[in-house]
Each structure stands twice: as structure tokens, then as C-alpha cells.
S.K.: 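Before I ask anything, here is the structure I am working with.
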Amino acid sequence: MTVVRLGYVAMSMNLQNCSPSQTMTFAQFSKIKDREAAIAKLEKIAKSNLQNCLRLLRHNEANDIKFFRFSSKLIPLANHDELHDWKYMNNLEDPLMDIAEFIADHPMRVGFHPDHFVVLNSQQPDIFKMSLKTLRMHELLLKGMNVNPEHRCVLHIGGAYDNKEKALEQFIHNWGLIPVSIQRMLMLENDDTTFHVNDALYLCEKLGVPQIFDYHHHLAYYEDLNWEPHWKRILNTWKNSSLPVKMHISSPKSEKEFRAHADYIDVEMFMEFLNTVKGETKELDCMIEAKQKDNALFQLVHDLKRYSEIEWIDKASFHIN
DNA sequence: GCCAGTCAAGTCCCG
DNA sequence: CGGGACTTGACTGGC
């Protein structure tokens with residue numbers, strides 16, 4: 001028997017004016033003559049983004065959704081070079097504490113997936129340093145929310161730079177340069193163009209990092225299409241984590257645009273996957289990556305209702321036997 | 001109010 | 001070596 005929880009990403013299609021990713025471009029920032037006023041505006045946006053996160057969490061709670069990925073664009077320009085003296089966390093204690101209190105009252109799994117500008121296997125010191133700075137911001141946000149940062153940030157492995165073997169070894173080399181608290185925060189995901197399941201396993205096993213299995217990426221790029229023999233190893237990368245195994249679920253937009261995400265999740269593909277893993281997997285948190293966000297989750301729940309092997313625990317989690 | 005173009009960041013591909 | 005595509009939601013500017 002497997003307990004499955006469904007989650008979704010960053011924003012809701014059902015809440016009005018609730019973006020957690022409002023922003024200001026650097027060009028816009030520069031146009032404001034009074035630098036202090038410009039920074040105040042950035043802080044106002046960040047605060048509003050966090051308040052919208054809390055609205056999202058309340059919405060999730062109301063729908064039994066206990067698994068959520070925060071936007072990584074909560075603090076606009078946080079890592080911009082020209083703003084290195086800005087203490088972006090300074091005025092965020094209150095909105096972060098509100099989130100902390102809500103999570104304390106309503107236990108749920110939250111995390112991040114910093115975007116593709118975080119590249120840990122880069123040989124360029126500036127890119128590596130900027131990546132660490134971005135990860136440090138994620139760590140501070142988690143701490144502000146009173147969430148243990150362990151295994152809360154999913155990353156891709158990075159670039160191939162014309163030599164994948166070397167790029168993997170570079171990742172291991174750079175790993176040694178990452179502060180331990182940030183190492184502990186990370187999980188690694190197979191991607192759809194460069195580093196497949198076996199590459200991710202190589203690193204995850206070597207470095208003791210949990211692996212996120214992205215089924216859709218796997219179908220787009222693999223060494224062996226047959227992933228089942230590797231599932232035990234993937235589960236095993238989670239053995240030292242206090243959190244359940246986590247994976248990503250999405251469906252191709254079309255045959256032609258296979259890599260792009262569809263609006264919704266193909267329920268048959270999802271069921272086929274679950275039926276394959278249910279024997280050896282006790283708990284599985286499935287992050288739905290679909291254009292229709294929470295609506296894709298609701299639709300998937302609706303589509304799953306016709307399968308008799310599923311027993312519902314609440315509106316967004318179930319047993320499968 | 002709507003639509004097209006732009007936006008911090010990286011990598012890859014093409015010429 | 002330089003420029004554009006990739007991908008993304010939000011925002012700006014033009015109408």
C-alpha cells in the first residue's frame with residue numbers, strides 16, 4: 001500500500017490578485033531617482049508576495065492540499081549585483097512569521113525549486129558564487145518560515161559543457177565548496193536534455209542527496225527507457241531523509257512539443273506509474289507540474305475517482321492498494 | 001482593456 | 001565570438 005499526496009506549484013488559478021511572483025525589473029528600479037524609495041518599493045513587493053503565499057497556503061488547507069512549492073521569485077532583484085548592499089530580509093520578519101505560524105498550526109510539506117540560473121557545476125566562479133547566493137536566499141526564507149531547510153530545494157545538475165563526464169566530476173568538486181547547511185537543503189532531479197536518471201543517481205548516491213524522479217523528463221531523455229530497475233535505488237537515496245519520497249509529475253503538451261508541460265495530467269500515465277511503484281513505496285509525494293496549476297490537481301483528483309484500487313484519505317491524498 | 005514586446009540571471013546552437 | 005532560442009509569469013507601453 002502506498003500513501004500518495006498531491007501538490008502543485010507556486011500559484012493558484014482560483015485566487016484573484018494573488019501572485020507570489022510580482023516583480024520589478026532592474027531597468028524599472030534604475031529609473032527611480034531616490035534609491036531608498038526604490039528599495040522601499042522592492043520591499044513592498046516582497047512583502048506582498050509573502051502575504052500572497054499565506055493566502056495560497058490557506059487556499060491549500062481548505063482543499064486538503066498539504067504539499068506545495070513556493071515561487072522562487074518572492075524577492076525581486078534579491079541577488080542583483082547592483083543591490084548587494086540591500087539587506088533584503090530586513091523587513092520580511094513579520095510576513096514570514098505569519099507563514100511560520102500557519103505552517104505550525106497546519107503541518108504541510110513546503111519547498112522550493114530555484115530556476116535554471118542556479119548552476120552548481122559551473123567552472124565560472126561568478127556563476128557558482130551567484131548560485132550560492134541564490135541558495136542562501138532560499139535558506140533564509142525557509143528559516144524565516146521556521147521550516148527545517150533539510151531537503152527543501154530541488155535543483156537540476158547543470159550544464160554539460162561538451163563533456164558530460166567532466167561536468168559530473170565538476171559537480172562533485174564544486175559540492176565540496178558548498179556550505180554544509182546548503183548541501184543539506186538540496187535534492188537533485190533528472191532533466192530532459194542533459195542529465196538522465198542514471199546521471200542523477202550517480203551523484204545522489206555518491207553525495208548522499210535525495211533524488212527527485214521526474215517521470216516526464218525521463219520519457220524525454222533516458223539511458224534505459226526501462227526505469228523500474230532503478231526505482232529501488234531512487235528510494236534508497238531517501239533513506240536518511242525525514243521527508244517522504246518526492247517526485248515530479250507532468251504530461252507532454254503534444255507529441256511535437258513533448259518536453260513542454262501540458263495544461264493537465266494524463267491520468268492513465270499517472271496510474272500506470274503508481275501501479276508500478278506501489279509494491280515497494282510506502283509514501284509518495286507527487287508534485288504536479290502542469291500549466292493549470294491547482295486546477296490540474298483538482299482535475300486529476302476527479303479523474304482518479306474512477307479507479308477502484310484508490311481509497312481517498314481526504315481531498316488531495318489517498319491510499320493505493 | 002487588450003496585445004505585443006521586454007525582462008537579472010545560463011546554456012546551447014547557429015552562423 | 002555574438003546573437004537568438006529556450007521558457008516563464010509579470011509588467012510596460014502603445015493603441
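Within every chain, numbering begins at 1; the chains are lettered A, B, ... in the order of the sequence lines, protein sequences first and strands thereafter.
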S.K.: Just how far is it from atom OG1 of A/T237 to atom CZ of A/F213, taken to the nearest 0.5 Å?
M.R.: 12.0 Å
S.K.: P atom, C/dG3 versus B/dT6: distance in rounded Å?
M.R.: 15 Å
S.K.: When you compare B/dC13 with C/dT7, how far apart are their P atoms, in angstrom units rounded to a whole number?
M.R.: 14 Å
S.K.: Between protein and nucleotides 3-7 of chain B, what N or O pairs are separated by less than 3.5 Å?
M.R.:
none

S.K.: Give the dot-bracket line for DNA chain C from 5' end to 3' end: parentheses for intra-strand Watson-Crick or G-U pairs under 3.5 Å, square brackets for crossings, | for inter-strand pairing, dots for unpaired.
M.R.: ||||||..|||||||
S.K.: Can you tell me how far P of B/dG10 sits from CG of A/N121, to the nearest Å?
M.R.: 13 Å
S.K.: Check each residue of residues 76-83 of chain A for a non-hydrogen atom within less than 4.0 Å of any atom in DNA chain B, then write out the ones that pass by number, or none.
M.R.: A/L77, A/N79, A/H80
S.K.: Against A/H196, only a single residue in A/Y222, A/W227, A/Y221 fulfils ring-ring contact (aromatic ring centres under 6.0 Å, His included); can you say which?
M.R.: A/Y221
S.K.: Identify which nucleotide among B/dT11, C/dT12, B/dC12 has an atom closest to any side-chain atom of A/Q28, counting heavy atoms from C-beta outward.
M.R.: C/dT12
S.K.: Kindly give the cluster partners of A/I127, where membership spreads through any ILVMFWY side chain lying under 4.5 Å from a current member.
M.R.: A/V119, A/Y161
S.K.: I'd like the P distance from B/dT11 over to C/dA10, given in whole Å.
M.R.: 26 Å
S.K.: Under 3.5 Å, which protein N or O atoms sit close to an N or O of nucleotides 1-9 of chain C? Give each pair with its distance.
M.R.:
from  : atom 1 : to     : atom 2 : distance (Å)
C/dT8 : OP2    : A/K291 : NZ     : 3.3

S.K.: According to salt bridge (charged side-chain N to carboxylate O under 4.0 Å, His left out), does anything in residues 30-39 of chain A pair up with another residue at least two apart or in another chain? List the pairs.
M.R.: A/R35-A/D85
